[in-house]
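Take a look at the structure set out below.
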Amino acid sequence: MNRILRMDASRRLAKVLSLCALCVSSFVYGGQSVISLYNWEAFLADSVKERLRISHNVSIEETYFSDEGIRDEVMLSERRHAFDLVVIESVRLQLLANQGVVAKVPQTLKDELSSNFDSKWSDACGDYGIPYAWGTSGILYRESAFATPVTSWKALLEPSMESTGRIAMYYNPVDAVAIALLSEGKDPFSSVKQDLQQAYSLLSQQRPFLYTSDYILNFINSPEELSNIDIAFGFSGDEFVLNEVVQGEEGEWVYVIPKEGTIIWLECLAIPQGATITPDLLTTIRFLSQPQIAALNAEETWFSTPNPRALEYVGQDYLNAPSLNLPPAISERSVLYRRVTDLGLLMRQRIVEDLR
């Protein structure tokens, strides 16, 4: 899952690494412990960080990545030692763990926090992570540009002529092909050649309608380009960011989970291999996993929490938000991200390269 791009991640990372000099990442400054977190931007509420600082004298220092590939490159290098904690999607977490760059979460901590999470989320993060946030893939559209509500992946993949040149379709090898398969009632992570050929055909037909094949949030610092887009592939919570940017000037952005179903992503808190597991690091993970804190974080950042006990502390606006709560009928047709076979991934990469 890609999220908010507001500043070049490499520039930010270079700045942090020059300060940290790749030493042990957690440190004490002015009597206060600092935990270094590598995260998506706008994926941790400032109020949560402030409460942690006041209650435990621990500060979280964030560095942001804009793309999973950038994050994974860092994790696979010695640069990971600049961080105490990193946010990683569950499937990629297992892949990185297999490569020896993620540490196991202490079992005592996992046992202590287990009652806070549904088992499906804990199982997905496995031995190497603590559930942090979940969400969905879906369609973002400018409400004023459509006479009727968008309800299907077909509006994005088989658009009307009115949408010509006004579509942002994110050409991620897994996501783009997955939604094409899902729209046809196929397994979104299929490696069957005929299924992938069908997805390629559908995406090829969509290609002439596109304004861009980049993730729509890449344009939040370019209002003139964003104004050329009426409908896009995106993730739950993206509408919140888009509406902050446009502020109603060109029509409110709406996020919809299509009736054919969606792909569910799960982000986990993970500890880079080699990080020192200090009491303050464990305190930080415990703090972020507390139901009341998880509720505050989820409401302010507008993502779905894997902590069901947190739902006791959120407001009705959150509970009623369709982008955060899957209706049962759609939930039955939705799939949690899972690993694609090596052959399947290779074919997906070739599809995207050819479309570009």
Go through the steps for Leu96 and Tyr128 under the test side-chain contact (heavy atoms from CB on, under 4.5 Å), then give the verdict.
CA-CA 10 Å; Leu96 290 170; Tyr128 294 89; over 6 Å; no
Evaluation steps, side-chain contact (heavy atoms from CB on, under 4.5 Å), between Val254 and Glu239:
CA-CA 6 Å; Val254 175; Glu239 77 282 13; over 6 Å; no
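In this structure, Phe83 and Tyr38 have parallel ring planes: the angle between them is below the 30° cut-off, well short of the 60° mark.
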Please list every donor-acceptor pair under 3.5 Å in which a side-chain atom of residues 99-107 meets a protein atom from a residue at least two apart or in another chain.
unit_1	atom_1	unit_2	atom_2	d
Gln107	NE2	Asp111	OD1	2.8

Expected list for residues 349-356: side-chain donor-acceptor pairs under 3.5 angstrom, two or more places apart:
unit_1	atom_1	unit_2	atom_2	d
Asp354	OD2	Tyr200	OH	2.3
Arg356	NH1	Ser213	OG	3.2
Arg356	NH2	Tyr171	O	3.4

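In this structure, the side chains of Phe209 and Met161 come closer than 4.5 Å at one or more pairs of heavy atoms. With a 4.5 Å cut-off on side-chain heavy atoms, Leu336 and Lys120 do not count as touching. Side chains of Leu44 and Thr301 form no contact here, defined as non-hydrogen atoms less than 4.5 Å apart. You'll find the side chain of Leu242 reaches within 4.5 Å of the side chain of Leu226, heavy atoms only. Under the 4.5 Å side-chain criterion, counting only non-hydrogen atoms from C-beta, Glu73 is in contact with Arg79. Side-chain atoms of Leu156 and Ile231, non-hydrogen and from C-beta on, do get closer than 4.5 Å to each other. Side-chain contact check for Asp214 versus Phe219: some heavy-atom pair is nearer than 4.5 Å. Side chains of Trp121 and Ser90 form no contact here, defined as non-hydrogen atoms less than 4.5 Å apart.
No donor-acceptor pair under 3.5 Å is formed between the side chain of Trp253 and the backbone N or O of Arg142. In this structure, the side chain of Arg71 engages the main chain of Val87 through a donor-acceptor pair within 3.5 Å. Checking side-chain atoms of Asp230 against main-chain N and O of Ala145 turns up no donor-acceptor pair under 3.5 Å. Looking only at distances, no side-chain donor or acceptor of Tyr255 sits under 3.5 Å from a matching main-chain atom of Asp238. Distance alone, capped at 3.5 Å, places no donor-acceptor pair between the Lys186 side chain and the Ala180 backbone. Side-chain atoms of Glu267 come within 3.5 Å of backbone N or O of Glu89 as a donor-acceptor pair. Using a distance-only test at 3.5 Å, with no hydrogens or angles considered, a donor-acceptor pair links the side chain of Asn307 to the main chain of Ser289. The closest donor-acceptor contact from the side chain of Thr276 to the backbone of Thr278 lies at 3.5 Å or more, if one exists at all. Not a single donor-acceptor pair under 3.5 Å links the side chain of Asn297 to the backbone N or O of Ile293. A donor-acceptor contact shorter than 3.5 Å links the side chain of Ser304 to the backbone of Leu324.
Within the structure, the salt bridge (Lys or Arg N to Asp or Glu O under 4.0 Å) test picks out the following pairs touching residues 337-349 (sequence neighbours left out): Asp187-Arg338, Arg339-Asp342. Pairs engaging residues 140-208 under the disulfide bond (SG atoms under 2.5 Å apart) rule: none recorded [sequence neighbours left out]. Pairs engaging residues 262-356 under the disulfide bond (SG atoms under 2.5 Å apart) rule: Cys125-Cys268 [sequence neighbours left out].
The environment of CG in Asn320 is crowded: more than 12 heavy-atom neighbours from other residues, nucleotides or ligands sit within 6.0 Å.
With hydrogens and angles left out, the side-chain atoms of Asp67 and Tyr215 include no donor and acceptor closer than 3.5 Å. Using a 3.5 Å distance cut-off with no hydrogens or angles, the side chains of Tyr211 and Glu225 do pair a donor with an acceptor.
Partner of Glu260 under the side chain to side chain donor-acceptor pair (under 3.5 Å) criterion, out of Ser183, Ser334, Ser152: Ser152 alone. Remark: of the listed residues Tyr318, Tyr132, Trp134, Tyr132 is the sole one forming a ring-ring contact (aromatic ring centres under 6.0 Å, His included) with Phe303.
Taking the charged nitrogens against the carboxylate oxygens, Asp46 and Lys49 do have a contact shorter than 4.0 Å, which makes a salt bridge.
Note: Asp280 CG to Leu52 CG = 8.5 Å, rounded to the nearest 0.5 Å. Taking CG from Leu140 and CD1 from Ile216, the interatomic distance works out to 6.0 Å, rounded to the nearest 0.5 Å.
In the hydrophobic clustering of this structure, Leu76 groups with Leu345; members are Ile, Leu, Val, Met, Phe, Trp, Tyr whose side-chain heavy atoms approach within less than 4.5 Å, directly or through other members.
Here Phe65 and Phe43 keep their ring centres 6.0 angstrom or further from each other.
Scanning both residues, Arg51 and Ser55, for their nearest heavy atoms gives O-OG, 2.6 Å. Here the closest non-hydrogen pair linking Ser122 and Phe117 is OG-CB, 3.5 Å. Heavy atoms only, all atoms of each residue included: Ser36 and Ala82 are closest at OG-O, 3.2 Å. Residues Asp84 and Pro272 come closest through the heavy atom pair O-CD, 3.3 Å.
For Leu343, the side chain to side chain contact (heavy atoms under 4.5 Å, CB included) partners two or more places apart in sequence, or in a different chain, are Thr341, Met347.
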